[in-house]
Protein chains: 2
Amino acid sequence: MDTITIKDIARALNLSTSTVSRALRDSYEINPETKRLVMEYAEKMHYRPNPIALSLKENRSQSIGVIVPEIANNYFSQAINGIEAAAYDRGYHVVIFQSQESYEREVEKVEHLAARRVDGLLMSLSSNTTDIEHLKSLHARGMPLVFFDRIPAEIDTHKVVTDNASGAFKATEHLLATGRRRIAHITSQPGLSITKERLHGYRMALEQYGLPFDENLVKYCSYTQEEVKYNLDTLFGLASPPDAFLTATDRFALGYYAALKKRLIRIPEDIAFVGFSNLNVAELLNPAMSTVVQPAFQMGHTAAGLLLDLVEKKPKQPVYATVQLPAELFVRESSALKQG
Amino acid sequence: MDTITIKDIARALNLSTSTVSRALRDSYEINPETKRLVMEYAEKMHYRPNPIALSLKENRSQSIGVIVPEIANNYFSQAINGIEAAAYDRGYHVVIFQSQESYEREVEKVEHLAARRVDGLLMSLSSNTTDIEHLKSLHARGMPLVFFDRIPAEIDTHKVVTDNASGAFKATEHLLATGRRRIAHITSQPGLSITKERLHGYRMALEQYGLPFDENLVKYCSYTQEEVKYNLDTLFGLASPPDAFLTATDRFALGYYAALKKRLIRIPEDIAFVGFSNLNVAELLNPAMSTVVQPAFQMGHTAAGLLLDLVEKKPKQPVYATVQLPAELFVRESSALKQG
DNA sequence: ATCGTTATCGGGAACGTTCCCGGTTCGGTG
DNA sequence: CACCGAACCGGGAACGTTCCCGATAACGAT
């Protein structure tokens, strides 16, 4: 890219760089005629101010970093959509990384992004992250930081989440209302916030219906294929096997739906199913899948908004808040009323 | 972010910035003892070189821009996944924008990204883009540019596409082999490369089977909901209505699948269906959807690789190529053999 | 004693921009 | 006629880094 600078304009018009700079910013102390000359020449030569030079001077990059477990996931791609919209509206760029559910990669990317001098960081933790020292120290050094969806308890900053407890409660309650009594809960790593909250909602619903909580029905998963088989084997090997599934993420919803179907288990006759999922085709599945949907776009949008407020020091002394957005339960065939 | 610079180190150790700079780059002309001092102090103070200062000096940003119609789309999010992987491996950042299928937004984002001094640009055209002057001029001014999936004919540069013609041919041939004769083709705007190529494959298959091409069966769509209804009305209003659908993109596949089911049209009994789609749950749909799958990750990965070769001037005089990756046809229930 | 060599280091320009200080001209006022 | 204040413009530092020139000292070699 051969690019023209303010100096080139100055030289061409026999002016100083100061004058050109001021002319371009429409300063009052520049002769209108001079302004016109500069403006016209700049326009003609396709002049665009170099944001890098500005960044160096102002010590900001006008960009925010985003680290998510994976981009090619309905929930996160929708969230990124919201982030991009909010950031663009306020003149910021979005730089994206994925941790791929790996702690080591997450640390690496956080470090990289910080070195890159992004103005702020938007994060959703990898499922294998338990130690968040890398983020703590970054935050302590003054990097504006906002978490969404998968948040840590130990860092005090803005957080945006869905009301996971309520979502899980509604789903569990619904399954109970359809006559199921043994609800398996397939969920993420126990350390994650979303895991705890959803488990809490699940237990509350059981309690309210006077049913016992059975640890054997809860499976904390990572994301491997063998694991699915193993978990299903043990679940169906129980003396009192499950008659319903509540899965906690998009990937579990799809993975277990597929695995159940492969085993020729009938949904909803043998097993009722509700998945936390932002899959936009839940309606079209066989059978149509009941889902707890998170407002992904909205979450990304508000998280980015909060981050940019921090970046721009909108409130001088920020009072950190945890914004909770409602989850919505869509009842479909997969959790139809139990027959007989 | 309170950040430490090379100057701070120099001052603290009573050295010049030159010496510190060289010590940090492990230059041979610095006393090992001095190096050790500098390195240790830098480590202790968490020093990280400021990439923005480097960018200013070297006139490059170590980042590439990506403009896609929408992020929250299976195909594109998978492609971005590939782009991110390739870019990160080579030390580049990925800055993402979406045109939202709007020509005006596309122009705006292209302009924005260029002003932002990205080192190169990766594009998939919006469906409403017919005039590509904004990209032509950018390319003429020396911006490395690589297109993927939706490419323009009029710009000579690297392009990465799926073998759309072959994909459409295979799908059409398959539908013909199952006994269908009136295949509706739901596709994008006529200007797009993917539209033409897929249409070509579709026609070739018809021709090979000695069937006439009927313009009435081809619908060039944008992405509105009313349009779906209108197109279905006219298609089923034909004297000889379709007995199969071949849809050209992810969104059309889902949109028309849903609409057909809503009309209680039986798939595959009344209508056979094959969709170009990267939906990862095609298998789980009701009925399981036959799909032509594009190697999205691979496309993003190679496109990014080609772009970075251009950026880094790997071949001094690049010979622009159009890389064609194979599309794969997955036959499922939705295009089962016609009964009777 | 002079000189080239080696080992170490510093000064300062440059990247593109803004902005603080200055400077000059000129018309007007006392 | 001296002085003042607009009106208009230029010089140069600064942001953080690299790199081209030097510079200095010590030390053999001539």
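Each chain gets a letter, A, B and so on, in the order the sequences are listed, and its residues count up from 1.
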Residues B:S102 and B:S99: side-chain donor-acceptor under 3.5 angstrom: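 No, no side-chain donor-acceptor contact under 3.5 Å.
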Under 3.5 Å, is there a donor-acceptor pair between the A:E70 and A:N73 side chains?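 Judged by distance alone, the side chains do pair up.
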Candidates [options] - which lies nearest the side chain of [X]:
{"X": "A:T34", "options": "D:dC9, C:dT17, D:dG11", "result": "D:dC9"}
{"X": "A:S18", "options": "C:dT18, D:dG12, D:dT17", "result": "D:dG12"}
{"X": "A:T19", "options": "C:dT8, D:dG10, D:dG16", "result": "D:dG10"}
{"X": "A:I30", "options": "D:dT18, D:dC9, D:dA14", "result": "D:dC9"}
{"X": "B:R22", "options": "C:dC19, C:dG11, D:dT17", "result": "C:dG11"}
{"X": "B:E29", "options": "C:dT17, C:dT8, D:dC8", "result": "C:dT8"}
{"X": "B:L56", "options": "C:dA14, C:dT8, C:dG16", "result": "C:dG16"}
{"X": "B:A53", "options": "D:dA14, D:dT18, D:dG16", "result": "D:dG16"}

In whole angstrom, give the distance that lies between atom [atom1] of [X] and atom [atom2] of [N].
{"X": "B:L54", "N": "D:dC15", "atom1": "CG", "atom2": "P", "value": "17 Å"}
{"X": "B:R25", "N": "D:dT17", "atom1": "CZ", "atom2": "C1'", "value": "9 Å"}
{"X": "B:I9", "N": "D:dT17", "atom1": "CD1", "atom2": "C1'", "value": "12 Å"}
{"X": "B:Q62", "N": "D:dG16", "atom1": "CD", "atom2": "P", "value": "20 Å"}
{"X": "B:Y28", "N": "C:dT6", "atom1": "OH", "atom2": "P", "value": "11 Å"}
{"X": "A:D26", "N": "D:dC9", "atom1": "CG", "atom2": "P", "value": "13 Å"}
{"X": "B:K7", "N": "D:dA13", "atom1": "NZ", "atom2": "C1'", "value": "10 Å"}
{"X": "B:N31", "N": "C:dG10", "atom1": "CG", "atom2": "P", "value": "11 Å"}

Give a yes or no on whether a salt bridge exists between [X] and [Y], defined as a side-chain N under 4.0 angstrom from a carboxylate O.
{"X": "B:R36", "Y": "B:E33", "answer": "yes"}
{"X": "A:E84", "Y": "B:K109", "answer": "yes"}
{"X": "A:E101", "Y": "A:R150", "answer": "yes"}

5'-most contact on DNA chain C (nearest-nucleotide basis), B:S16 vs A:I4, goes to B:S16
Starting at the 5' end of DNA chain C and moving along, which residue's nearest nucleotide shows up first, A:T5 or B:P32? B:P32
At under 4.0 Å, does any side-chain N or O of B:Y47 touch on OP1 or OP2 of D:dT17?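 Answer yes for this pair, as a side-chain N or O of B:Y47 is under 4.0 Å from OP1 or OP2.
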Under 4.0 Å from OP1 or OP2 of D:dG16: is there any side-chain N or O of A:K57 that close?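 Answer no for this pair, as no side-chain N or O of A:K57 is under 4.0 Å from OP1 or OP2.
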Answer yes or no: are there more than 12 heavy-atom neighbours, outside A:R117 itself, under 6.0 Å from its atom CZ? yes
Answer with base, sugar-phosphate or nothing: what part of the nucleic acid does A:L15 contact at a heavy-atom distance below 4.0 Å?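 Since only primed, P, OP1 and OP2 atoms lie under 4.0 Å of A:L15, the category is sugar-phosphate.
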Looking for any heavy atom pair under 4.0 Å, which part of the strands does A:N14 touch: base, sugar-phosphate only, or nothing? sugar-phosphate
